[in-house]
Amino acid sequence: MTTGTIEHALRELVLANRILAREGVIDDFGHVSVRSPADPNRYFLSRSRSPEIVDLADIMEFTLEGEAIDGQGRRPYAERALHGAIYMARRDVNAVTHHHARAVLPFTVTDVPLKPLFHMASVIGQEVPLWDSQPEFGDTNMLVDDLAKGHSLAKALGKNPTALLRGHGAVCVGASLREAVFVSIYMKENAELVLAARHLGELQYLTPGEIGQTGDMLRSQLAQSRSWEYRVARAGFRGL
Ligand SMILES: [Zn+2]
């Protein structure tokens with residue numbers, strides 16, 4: 001493991017923060033993490049700061065239990081347990097985003113399903129499970145702020161790429177940081193499309209077979225690199 005690999009991962013994490021802000025997936029709240037390429041039992045996540053202004057100096061390293069390796073007095077996000085618990089449960093996951101994209105919120109509080117409506121959104125998975133903190137934890141501040149809630153959420157997520165949090169938002173995961181960002185953007189856009197199309201008539205979602213084949217294609221290196229380059233440029237970092 002070279003220092004360059006870590007530096008690359010941290011730089012991409014800063015870009016991921018800026019991209020998700022630019023695309024309106026996260027705003028003053030929400031966050032994105034990446035598993036350490038040097039140690040699968042650690043992950044990187046910004047200190048508690050709005051993603052649009054996250055810089056390299058804000059990135060902190062955590063154990064999967066959420067302990068900072070070298071905190072330097074920086075205050076972490078309250079909801080880091082969400083990241084650690086998912087990394088513990090899912091060895092295939094190397095990046096996690098958590099957002100409150102407003103278009104997704106209606107699907108967390110109604111029985112209208114959020115399923116892929118267009119090909120680019122096949123990556124959100126065939127079914128998007130809903131995690132509700134109320135039955136297990138009662139009235140809370142709605143945050144996933146300890147490992148008990150993190151484990152409960154990870155269980156609801158199961159093997160899926162996305163999950164909804166009732167009255168709160170969503171989590172998206174990926175085998176890579178680029179993939180988690182890709183899934184997050186298309187989850188939001190798919191939600192917008194479902195909200196628009198349902199007023200026009202009955203919805204026809206992608207079939208499970210279409211979701212499988214299209215998802216495999218979109219998770220390929222070629223598609224991921226192409227999308228990432230575009231998002232980097234749109235976020236204002238073209239050529240950097
Ligand atoms: Zn949240």
Side-chain angles (χ1 to χ4, degrees), residues 6 9-37 39-90 93-102 104-105 108 131 133 137 140-157 162-174 176-177 179-181 183-185 187-188 235:
I6 299 285
L10 298 184
R11 186 176 173 280
E12 292 230 327
L13 182 56
V14 172
L15 285 170
N17 274 272
R18 305 291 187 93
I19 289 169
L20 290 170
R22 167 69 179 85
E23 302 299 341
V25 176
I26 44 189
D27 40 38
D28 42 350
F29 290 87
H31 24 87
V32 49
S33 70
V34 67
R35 196 193 289 270
S36 170
D39 182 349
N41 294 314
R42 292 186 183 179
Y43 66 93
F44 294 105
L45 177 70
S46 170
R47 72 180 167 99
S48 183
R49 201 171 194 208
S50 296
E52 183 151 349
I53 49 174
V54 162
D55 232 323
L56 266 181
D58 298 316
I59 305 297
M60 301 174 68
E61 185 174 11
F62 293 96
T63 65
L64 298 190
E65 289 73 29
E67 299 298 325
I69 301 299
D70 179 15
Q72 298 170 14
R74 294 171 294 180
R75 188 166 175 180
Y77 291 121
E79 288 192 287
R80 62 192 181 283
L82 166 162
H83 299 264
I86 292 175
Y87 289 127
M88 285 183 204
R90 293 278 299 271
V93 164
N94 290 306
V96 176
T97 76
H98 167 52
H99 63 81
H100 313 146
R102 299 304 184 273
V104 169
L105 263 295
T108 76
W131 180 68
S133 54
F137 301 98
T140 67
N141 62 6
M142 300 300 283
L143 301 185
V144 185
D145 57 2
D146 60 40
L147 275 176
K149 298 188 193 87
H151 291 317
S152 174
L153 167 61
K155 197 172 158 200
L157 173 68
T162 56
L164 299 168
L165 283 64
R166 199 259 308 159
H168 181 165
V171 292
C172 302
V173 302
S176 69
L177 184 60
E179 192 179 301
V181 167
V183 170
S184 307
I185 294 169
M187 181 191 215
K188 176 198 149 216

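Residue indices begin at 1 and follow the sequence shown. Excluded from the calculations below are hydrogen atoms, water molecules and symmetry mates; all remaining heavy atoms, backbone and side chain alike, are included.
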Using every non-hydrogen atom in the two residues, find where [X] and [Y] come nearest and quote the distance to one decimal.
X      : Y      : value
Lys188 : Gly24  : CD-O, 3.7 Å
Met60  : Ala68  : CE-CB, 3.9 Å
His99  : Cys172 : NE2-SG, 3.7 Å
Ala81  : Leu147 : CB-N, 3.9 Å
Val14  : Val54  : CG1-O, 3.4 Å
Val96  : Tyr87  : N-OH, 3.4 Å

Looking at [Y], is its backbone amide N or carbonyl O close enough to the side chain of [X] to form a donor-acceptor pair, meaning the two atoms are under 3.5 Å apart?
X      : Y      : result
Ser176 : Glu179 : yes
Ser184 : Ala180 : yes
Asn141 : Leu143 : yes

[X] [atom1] to [Y] [atom2] distance, which is reported to the nearest 0.5 Å:
X      : Y      : atom1 : atom2 : answer
Leu10  : Ser36  : CG    : OG    : 8.5 Å
Met88  : Asn41  : CE    : CG    : 9.0 Å
Glu12  : Phe44  : CD    : CZ    : 13.5 Å
Leu13  : His31  : CG    : NE2   : 12.5 Å
Ser133 : Arg166 : OG    : CZ    : 5.5 Å
Lys155 : Trp131 : NZ    : CH2   : 12.5 Å

Qualifying salt bridge (Lys or Arg N to Asp or Glu O under 4.0 Å) pairs with a residue from [range], counting only residues at least two apart or across chains:
range          : answer
residues 72-81 : none
residues 56-69 : Arg42-Glu61, Arg47-Asp58, Arg49-Asp58
residues 24-37 : Asp27-Arg102

Is there a side-chain contact between [X] and [Y] (heavy atoms, below 4.5 Å)?
X      : Y      : answer
His83  : Val173 : no
Val25  : Ile19  : no
Val104 : Met187 : yes

Item checked: Criterion side chain to side chain contact (heavy atoms under 4.5 Å, CB included) on Leu177 and Asn94, from CA distance to verdict -> CA-CA 7 Å; Leu177 184 60; Asn94 290 306; over 6 Å; no

Check: Near Phe137 CZ, under 6.0 Å, is it more than 12 heavy atoms from other residues, nucleotides or ligands?
Finding: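 Count over threshold, so yes.
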
Notebook entry, point to check: Looking at Thr162, Thr97, Leu153, which one forms a side chain to side chain contact (heavy atoms under 4.5 Å, CB included) with Val171?
Noted result: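 Option passing the side chain to side chain contact (heavy atoms under 4.5 Å, CB included) with Val171: Leu153.
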
